[in-house]
Amino acid sequence: MSQIENDLKLEIIKSVKKSFDLDIEMNDVIIELPKDVSHGDYASNIAMQLARTLKRKPKEIAESICSNLNLDIISSYEIAGPGFINIFLKNEYLAEVINLVLDQDEKYGHNNTGNGLKINIEYVSANPTGDLHPGHARGAALGDSVSRLLKMSGYDVTREYYVNDAGNQINNMALSLRARYFQEFNYDVEVPEDGYHGSDLIDIAKDLVSKVNDKYINYDEEEALIEFKKFGLEAELNKIKADLKAFNCEFDVFFSEQYIRDNKFVEKALNQLKDRGYTYEKDNALWLKTTSFNDDKDRVIVKSDGSYTYLTPDIAYHLNKLDRGYDKLVDVLGADHHSYVVRLKAAIQALGYEQDKLEVDIVQMARMIKDGEEFKLSKRSGKAVALIDLLDEVGSDALRYFFISRAADTQMDFDLDMAIKRSNENPVYYAQYAHARMCSILNSAKDIDISRKFNLISNEKELTLIKHINEFPKVVADAAYTRMPHKLCNYISKLAQYFHSFYGECKVLDYDNIPLSTQRLALVKASKITLKNALNSIGVSAPESM
RNA sequence: GUGCUCGUGGCGCAAUUGGAUAGCGCAUCUGAUUCCGAUUCAGAAGGUUACAGGUUCAAAUCCUGUCGAGCAUACCA
């Protein structure tokens, strides 16, 4: 909550107490920024909310509240519509936020609404069997941005990538690599039908040859496969890490499924489930009673051949995360896994935890369009476009902004031709240009000191900009809490817009009016700080020139 | 069939999570530059929020039904 809102709420609470001898709390008072500027700088619906408890007409209540408001910071008020209280503030008071921004600088926007809550956010977690494709990019951009926002809001955040380095898909990868390796020596070995046909494994095979030459040709086959697996895994994972880094995504932990298996965490989880009575045997397999928790059928966790299903180590992994002491787990999953959510939540409850310990954000798939037609992505066929190629053509900033600017649960088309060709229409450039312009202005006014007093700030464009700057910490906190980084995109484009509009109407650098210039320069600087922090909060750069 | 997610100007998306006359970008049309960066600004046009009921001071938002879209419905991962 901003200082202004805080002050206003306290005023209203005092007034309600005075008017009706009624005690209300900070959270009962809603202060909002009206969409329409003629509805005041700030507005409250408190009179309507109290109408029921007080059994009086909202307008009458509003009258009483207003007549008891302290006018120190308020220039005027009005009662409008069904009972809204619209409040107009004194310009100089509004402009005080500029000082706050200048003082906090790169910390402006940070807030403590998270209150140190320990939160683990898992995203991407793509299998290490090939390049990341654009479908992963959306999850990466969202997860990373949400993490940044959570950190800014005072959460204790761990960014985690779950590496599925065990199981069938890895064996297929090893077999595929083996084929590519043998092909390097002109042996007629085919990549298995359900193996991975991408060209990345050819490169990895070449790399392997350069390191060990033909060592594995006449090797014990089983031993060699272990080596292929090891080498392939490491190579694939390193590529994924490099791609993510190029996409400006950082992780704190890469957590291995093999580690979960090797350290008996699966058995531990199974025992916990058994002890709590949520398992039973049927048809030679072990089942988990997920139907006790809203699933439409029970799920196998140990197959009749004794091996685990995909779900089982994943349950163990989540138990491990919980054991590590997190207050909350967040999984960012692709929409193709959404039926999995019920199962996972059921497992969490079967383990004895509240179901809302785990929250799953579903990211709708981005349909890939090329030449006006959809094409399916498949790592196995090798037809997928690699994220890294896209980064080369579109750039990290534009790509991130594109993915983040839509809410995660909306379906979207990713038109490859469009993304490349029309990249100049991406709003991210509009915002970055605004930042560059701010820098340019400040740069050409280096010889002028900026003011800390704002008695000359009165233009409508200035005030609009100031009010919007004041909103920033609240937007960050809200976007973090709801895990909706697209709110930042909306904020950014508005901020840029208000700035450009201000710039068009107000001359900042005017050597014939130095006092006003120094005050406007302060506003430009505060805008620059805010815009930069906002862009950084979603992992987009703020260039000083373009 | 069933379950999840969704349906907002021509297109792509918002809407402070139940608030005032539903906003923004692109595209279209009309204006503006002796400029502190025109990659900019000012303005116009474009809507029965898929449809039908319901809940209340107030519904794009909540409930019910219908239609439509995407995804999922494995002892695959």
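All values below were derived from every heavy atom in this structure, side-chain atoms included, with hydrogens, water molecules and symmetry-related copies excluded.
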- Task: Quick one: label A:A434 by what it contacts on the DNA or RNA (base, sugar-phosphate, nothing), any heavy atom closer than 4.0 Å.
- Result: nothing

- Message: As a test of reading the structure: which of B:rG19, B:rA42, B:rG37 is closest to the side chain of A:F84, going by heavy atoms?
- Response: B:rG19

- Task: Determine the Euclidean distance between corresponding P atoms of B:rA69 and B:rG25; express it in Å to zero decimal places.
- Result: 32 Å

- B:rU17 glycosidic conformation (syn if within 90° of 0, otherwise anti) is syn

- In whole angstrom, what separates A:E359's CD from B:rU5's P? 14 Å

- Just checking A:A43: base, sugar-phosphate only, or nothing, at a heavy-atom cut-off of under 4.0 Å? base

Tabulated below should be each protein N or O lying under 3.5 Å from an N or O of nucleotides 14-16 of chain B; please produce it.
from	atom 1	to	atom 2	distance (Å)
B:rA14	OP1	A:A407	N	2.5
B:rA14	O2'	A:N490	ND2	2.7
B:rA15	OP1	A:H486	NE2	3.4
B:rU16	N3	A:L33	O	3.4

Show me the side-chain donor-acceptor pairs of residues 527-535 of chain A shorter than 3.5 Å, one per line, residues at least two apart or across chains.
from	atom 1	to	atom 2	distance (Å)
A:S527	OG	A:L523	O	2.8
A:T530	OG1	A:A526	O	2.8
A:N533	ND2	A:D105	O	3.1
A:N533	ND2	A:Y108	O	2.9

- Message: Can you classify the ring geometry of A:F265 versus A:Y259 as parallel (below 30°), tilted (30 to 60°) or perpendicular (above 60°)?
- Response: tilted

- Message: In whole Å, I'd like the distance from the NZ atom of A:K59 to the P atom of B:rA58.
- Response: 15 Å

- Residue closer to the 5' end of RNA chain B, A:N284 versus A:G504 (nearest nucleotide): A:G504

- With stacking defined as ring centroids separated by under 5.5 Å and planes differing by under 30°, is A:Y503 stacked against B:rC36? yes

- When we call it a touch if two heavy atoms are under 4.0 Å apart, what does A:S501 touch: a base, just sugar-phosphate, or nothing? sugar-phosphate

- Task: Look at the side chain of A:H435 and the backbone N and O of A:A431, then say whether any donor-acceptor pair between them is shorter than 3.5 Å.
- Result: no

- In whole angstroms, how far is the C1' atom of B:rC36 from the CG atom of A:L523? 14 Å

- Query: Is A:D283 touching bases, backbone alone, or none of the nucleic acid, heavy atoms closer than 4.0 Å?
  - Reply: base

- Note on the structure: Closest of B:rC75, B:rU40, B:rG19 to the A:Q49 side chain is B:rG19

- Task: If the plane angle is over 60° it's perpendicular, under 30° parallel, otherwise tilted; pick one for A:Y491 and A:H468.
- Result: parallel

- Output the single nucleotide from B:rA77, B:rC36, B:rU40 whose closest atom is nearest the side chain of A:N168. B:rA77

- Distance, P atom - from B:rG23 to B:rU48, rounded to whole angstrom: 15 Å

- Using a cut-off of 4.0 Å on non-hydrogen atoms, how would the nucleic acid contact of A:C506 be classed: base, sugar-phosphate, or nothing? base

- Query: So what does A:S517 touch, heavy atoms closer than 4.0 Å: a base, only the sugar-phosphate, or nothing?
  - Reply: nothing

- Task: Among A:V163, A:I260, A:D165, find the one that has a side chain to side chain contact (heavy atoms under 4.5 Å, CB included) with A:F255.
- Result: A:I260

- Query: With a non-hydrogen cut-off below 4.0 angstrom, is A:E544 in contact with a base, only sugar-phosphate, or nothing?
  - Reply: base

- Message: Categorize A:S545 for me: base, sugar-phosphate, or nothing, with a 4.0 angstrom heavy-atom threshold over every strand shown.
- Response: base

- Message: Does A:K446 reach a base, just sugar-phosphate, or nothing at all? Heavy atoms under 4.0 Å.
- Response: nothing

- Write down the atom of A:G109, the atom of A:N111, and the distance for their closest heavy-atom approach. O-ND2, 3.2 Å

- Would you indicate what A:A51 reaches in the nucleic acid, counting non-hydrogen atoms under 4.0 angstrom: base, sugar-phosphate, or nothing? nothing

Would you mind writing out the side-chain donor-acceptor pairs for residues 298-309 of chain A within the sub-3.5 Å range, not counting sequence neighbours?
from	atom 1	to	atom 2	distance (Å)
A:D298	OD1	A:T290	N	3.2
A:D298	OD1	A:T291	N	3.0
A:D298	OD1	A:T291	OG1	2.6
A:D298	OD2	A:Y280	OH	2.8
A:R299	NE	A:D295	OD2	2.9
A:R299	NE	A:K297	O	3.4
A:R299	NH2	A:D295	OD1	3.1
A:R299	NH2	A:D295	OD2	3.4
A:D305	OD1	A:S307	N	2.9
A:D305	OD1	A:S307	OG	2.7
A:D305	OD2	A:S307	OG	3.4
A:Y308	OH	A:E267	OE2	3.4
A:T309	OG1	A:V300	O	3.0
A:T309	OG1	A:T312	OG1	3.2

- Item | Between P of B:rA77 and CG of A:N164, the distance in whole Å | 10 Å

- Message: Under 4.0 Å, counting only non-hydrogen atoms across every strand here, what does A:D361 touch: a base, just sugar-phosphate, or nothing?
- Response: nothing

- Query: Do you know which two heavy atoms are closest between A:P58 and A:M48, and how far apart they sit?
  - Reply: CB-CG, 3.9 Å

- Task: Would you mind telling me which of B:rA72, B:rG37, B:rG19 lies closest to the side-chain atoms of A:S339?
- Result: B:rA72

- What heavy-atom pair brings A:A479 and A:L488 nearest, and what distance separates the two atoms? CB-CD2, 3.5 Å

- Separation between the P atoms of B:rA60 and B:rU55, rounded to whole Å: 16 Å

- Position toward the 5' end of RNA chain B (nearest nucleotide), A:S444 or A:V302: A:S444

- Pairwise P distance, B:rA42 and B:rU8 [rounded to whole Å]: 28 Å

- Task: Could you give the distance separating B:rU33 and B:rU39 at their C1' atoms, to the nearest angstrom?
- Result: 15 Å

- Report which part of the nucleic acid A:K297 touches: base, sugar-phosphate, or nothing (heavy-atom distance under 4.0 Å, all strands). sugar-phosphate

- Query: Taking all atoms of both residues into account, what is the closest heavy-atom pair of A:M173 and A:G232, and its distance?
  - Reply: CE-C, 3.8 Å

- So the salt bridge (Lys or Arg N to Asp or Glu O under 4.0 Å) pairs with at least one residue in residues 460-471 of chain A (sequence neighbours excluded) are A:D41-A:K467, A:E462-A:R520, A:E471-A:K474

- With rounding to whole Å, what would you report as the distance between B:rG65 and B:rA72 at their P atoms? 25 Å

- Item | Base-pairing string, 5' to 3', of RNA chain B - Watson-Crick or wobble, under 3.5 Å, | interstrand | (((((((..((((.....[...)))).(((((.......))))).....(((((..]....))))))))))))....

- Query: Out of B:rC75, B:rU17, B:rC36, which has the shortest distance to the side chain of A:T482?
  - Reply: B:rU17

- Item | Whole-angstrom distance between B:rA15 and B:rU49, as gauged at atom C1' | 11 Å

- Which nucleotide in the set B:rG19, B:rA77, B:rG37 lies at the smallest distance from any side-chain heavy atom of A:N45? B:rG19

- Message: Strictly below 4.0 Å: does A:K461 bring a side-chain N or O up to OP1 or OP2 of B:rA42?
- Response: yes

- So what does A:Y430 hit on the nucleic acid, given a heavy-atom distance under 4.0 Å: a base, only sugar-phosphate, or nothing? sugar-phosphate

- Note on the structure: The ring-ring contact (aromatic ring centres under 6.0 Å, His included) partners of A:Y77 (sequence neighbours excluded) come to none

- Message: Suppose we call a contact any N or O donor and acceptor under 3.5 Å apart; does that hold for the side chain of A:D296 and the base of B:rG3?
- Response: no

- Does A:K507 put a side-chain nitrogen or oxygen below 4.0 Å from OP1 or OP2 of B:rU33? no

